[in-house]
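The structure appears right after this line, and notes come after that.
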2 protein chains.
Amino acid sequence: MNQNIVELFKANQIKNTTQRHRVIEYLIKCKEPVTAESIYIALFEDDAYEDKVNLSTVYRILDLFVKQSIVLRNSFGNEHKSTYEFNRREHKHHLICVKCNKVTSIKGCPLKAYEQDLGNQTHFKILEHRLEIFGVCPSCQERGN
Amino acid sequence: MNQNIVELFKANQIKNTTQRHRVIEYLIKCKEPVTAESIYIALFEDDAYEDKVNLSTVYRILDLFVKQSIVLRNSFGNEHKSTYEFNRREHKHHLICVKCNKVTSIKGCPLKAYEQDLGNQTHFKILEHRLEIFGVCPSCQERGN
DNA sequence: ATCGCAAATGCAAATCAATCGCATTTGCGA
DNA sequence: TCGCAAATGCGATTGATTTGCATTTGCGAT
Ligand SMILES: [Mn+2]
Ligand SMILES: [Mn+2]
Ligand SMILES: [Zn+2]
Ligand SMILES: [Zn+2]
């Protein structure tokens, strides 16, 4: 029973259930965004617990976490499935290899000034942005094609 | 029978069927990205033709157009459905109102230099990027909330 | 520590976008 | 005009996500 997670839930008024605990514990360990299905499988295969967490429950838990901004939901490229990642509260973007689909996080944002200008020009109140950059990763370049 | 479209198809070795003609004709008219379903409905309601185009056919036609780069496929935010737009061959981004979901196209790209740097740092071969900016449009700001 | 009960979960069925199999139709080169 | 590969219509299917409902569980109040 990870005490940091208990605190996190308390701070967000989230009831501390076994299932929620396991989901967020797993997401915190993940270095890159994962699908609901892959969370389900990972928890299923985790020998530390005997029970598996129902897939609908995984979805319901993720919805809750996203609503509370504990977790971020993405969907890259034109995939019609979502991926989820623990919200580490750092503004970042993603670099995606079009060959192997590997997702790399990149910190640092080149858009501060641009957003300012854009707000002035369009009279939108700019809130946030999403930037995905596509390319071929070093390994895939080596392998050719 | 729009002759420009006939030429466009010929140039891309696409057989000129009634259904394809109607789909691209409609997309060319659209100012913003639309879903497959909304194309289907628009064609269905178009009094200029008696027949409707089957939804599967709309999807197949869109896949073909996307493969040929005549049409671009997007999916905004965390929507798990795609939108399509005629490829006007201009690099652009989208500004999306988080209240009314209106999508506005914005031309001009602030990322040229950044992509260069990023390629050098990560050794990825950078190919393209997708930038979506979220905010509140002027009308929604007026209406308050 | 126990109780009560609203909230959370499990399971199966439903939904929604997108895709597919197959019988029928159609565009287009010969 | 003909022949036929390619395209379409239509119904069934898939894959991701959501929902209804009966059962279980966490946790505040006793
Ligand atoms: Mn940024
Ligand atoms: Mn750009
Ligand atoms: Zn790669
Ligand atoms: Zn708006």
Side-chain angles (χ1 to χ4, degrees), chain A residues 1-3 5-24 33-44 49-68 70-71 73-84 101, chain B residues 1-3 5-24 26 33-44 49-68 70-71 73-84:
Chain A
M1 185 82 123
N2 182 325
Q3 203 54 36
I5 291 174
V6 173
E7 295 304 330
L8 177 67
F9 285 167
K10 199 161 286 170
N12 288 275
Q13 299 160 83
I14 290 172
K15 195 194 272 191
N16 176 30
T17 69
T18 317
Q19 293 86 339
R20 288 171 178 177
H21 199 101
R22 292 179 64 189
V23 169
I24 202 71
V34 288
T35 63
E37 172 109 45
S38 65
I39 295 168
Y40 169 77
I41 293 169
L43 298 186
F44 178 52
Y49 302 82
E50 59 201 276
D51 297 312
K52 56 186 203 172
V53 180
N54 191 276
L55 183 56
S56 333
T57 304
V58 171
Y59 275 109
R60 279 188 284 233
I61 288 174
L62 289 170
D63 285 351
L64 174 70
F65 289 170
V66 169
K67 205 172 296 166
Q68 302 279 62
I70 289 174
V71 162
R73 182 201 310 235
N74 321 111
S75 58
F76 296 115
N78 291 314
E79 292 293 307
H80 42 264
K81 64 171 181 274
S82 296
T83 58
Y84 302 83
N101 291 315
Chain B
M1 185 83 124
N2 182 326
Q3 202 54 36
I5 292 175
V6 172
E7 295 304 330
L8 177 67
F9 285 167
K10 198 161 286 170
N12 287 276
Q13 300 160 82
I14 290 172
K15 197 195 271 190
N16 176 30
T17 68
T18 318
Q19 292 87 340
R20 289 170 177 176
H21 199 102
R22 291 179 64 189
V23 168
I24 201 70
Y26 176 69
V34 288
T35 63
E37 171 110 45
S38 65
I39 294 168
Y40 168 76
I41 293 170
L43 298 186
F44 178 53
Y49 301 83
E50 58 201 276
D51 296 311
K52 56 185 200 173
V53 180
N54 191 274
L55 183 56
S56 332
T57 304
V58 172
Y59 276 110
R60 280 188 283 232
I61 288 173
L62 290 170
D63 284 350
L64 174 70
F65 289 171
V66 169
K67 205 172 297 165
Q68 303 279 59
I70 289 175
V71 162
R73 182 202 310 237
N74 321 112
S75 58
F76 296 115
N78 291 315
E79 294 292 308
H80 42 266
K81 65 171 181 278
S82 295
T83 58
Y84 302 83

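Quantities reported herein were computed from a predicted structural model and do not represent experimental measurements. The sequence lines fix the lettering, A, B, ..., with proteins before strands; numbering per chain opens at 1.
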**Report entry** Check: A:Asn74 side chain, A:Phe76 main-chain N or O, donor-acceptor pair, under 3.5 Å
**Finding:** no
Requested in this report: Starting from C1' on D:dT8, measure out to CG on B:Leu43 and report it in whole angstrom.
Outcome: 14 Å
Query - Protein-nucleotide distance (B:Glu79, atom CD; C:dA18, atom P), rounded to Å - result: 10 Å
Report summary line: For DNA chain C, the dot-bracket notation using Watson-Crick and G-U wobble pairs below 3.5 Å, [ ] for pseudoknot-type crossings and | for other-strand pairs, is ||||||||||||||||||||||||||||||
Query raised in the report: Of the non-hydrogen atoms in A:Ser82 and A:Ser75, which two are nearest, and what is the gap between them?
Result: CA-CB, 4.3 Å
Report task. Could you tell me whether B:Tyr49 atom OH has more than 12 heavy atoms of other residues or ligands within 6.0 Å of it? Result -> yes
**Report entry** Nearest-angstrom distance from the residue atom CD of A:Gln13 to P of C:dA8
**Finding:** 12 Å
Report summary line: 5' to 3', nucleotides 25-30 of chain C under a 4.0 Å protein heavy-atom cut-off (B base, S sugar-phosphate only, - none) gives --SS--
Requested in this report: Taking side chain to side chain contact (heavy atoms under 4.5 Å, CB included) as the test, write out the residues that go with B:Tyr26, two or more places apart.
Outcome: B:Cys30, B:Val34, B:Ile39, B:Ala42, B:Leu43
Output a table of donor-acceptor pairs, distance under 3.5 Å, between side-chain atoms of residues 9-17 of chain A and any protein atom two or more places apart or on a different chain; print 'none' if there are none.
residue, atom, partner, partner atom, Å
A:Asn12, ND2, A:Leu8, O, 2.9
A:Asn16, OD1, A:His21, ND1, 3.4
A:Thr17, OG1, A:Arg20, N, 3.1

Query - Over all atoms of both residues, closest heavy-atom pair of B:Tyr84 and B:Thr35 - result: CD1-C, 4.5 Å
Requested in this report: Take atom CG of A:Asn78 and atom P of D:dA16, then tell me their distance rounded to the nearest Å.
Outcome: 16 Å
Query - Euclidean distance, atom CD of residue B:Gln68 to atom C1' of D:dA7 [Å, nearest integer] - result: 15 Å
Report task. Would you mind reading off the distance between A:Asn54 atom CG and D:dT23 atom P, rounded to a whole angstrom? Result -> 16 Å
Query - Interatomic distance, B:Ile39 CD1 vs C:dA18 P [rounded to whole Å] - result: 10 Å
Query raised in the report: For the residue pair B:Leu55 and B:Ala36, what are the closest heavy atoms and their distance?
Result: CD1-O, 4.1 Å
Report summary line: Residues pairing under salt bridge (Lys or Arg N to Asp or Glu O under 4.0 Å) where one sits in residues 75-84 of chain A, two or more places apart or in two chains, turn out to be A:Glu79-A:Lys81
Report task. With side chain to side chain contact (heavy atoms under 4.5 Å, CB included) as the test, would you mind laying out the steps for A:Tyr40 and A:Lys52 before giving the verdict? Result -> CA-CA 8 Å; A:Tyr40 169 77; A:Lys52 56 186 203 172; 3.2 Å; yes
Query raised in the report: Can A:Met1 and A:Val6 be said to form a side chain to side chain contact (heavy atoms under 4.5 Å, CB included), step by step?
Result: CA-CA 8 Å; A:Met1 185 82 123; A:Val6 173; 4.1 Å; yes
**Report entry** Taking every non-hydrogen atom, the tightest pair across A:Asp51 and A:Arg22
**Finding:** O-NH1, 2.9 Å
Query raised in the report: For B:Lys67 and D:dA7, what is the distance between atoms NZ and C1' respectively, to the nearest whole Å?
Result: 13 Å
Requested in this report: Describe the nucleic acid contact of A:Lys52 in one word from base, sugar-phosphate, nothing, applying a heavy-atom distance below 4.0 Å.
Outcome: sugar-phosphate
What protein N or O atoms touch nucleotides 17-21 of chain D N or O atoms at under 3.5 angstrom, if any, and at what distances?
residue, atom, partner, partner atom, Å
D:dT17, OP1, A:Ser82, N, 2.7
D:dT17, OP2, A:Tyr59, OH, 2.3
D:dT17, O5', A:Tyr59, OH, 3.2
D:dT19, O4, A:Ser56, OG, 3.3
D:dG20, O6, A:Arg60, NH1, 3.2

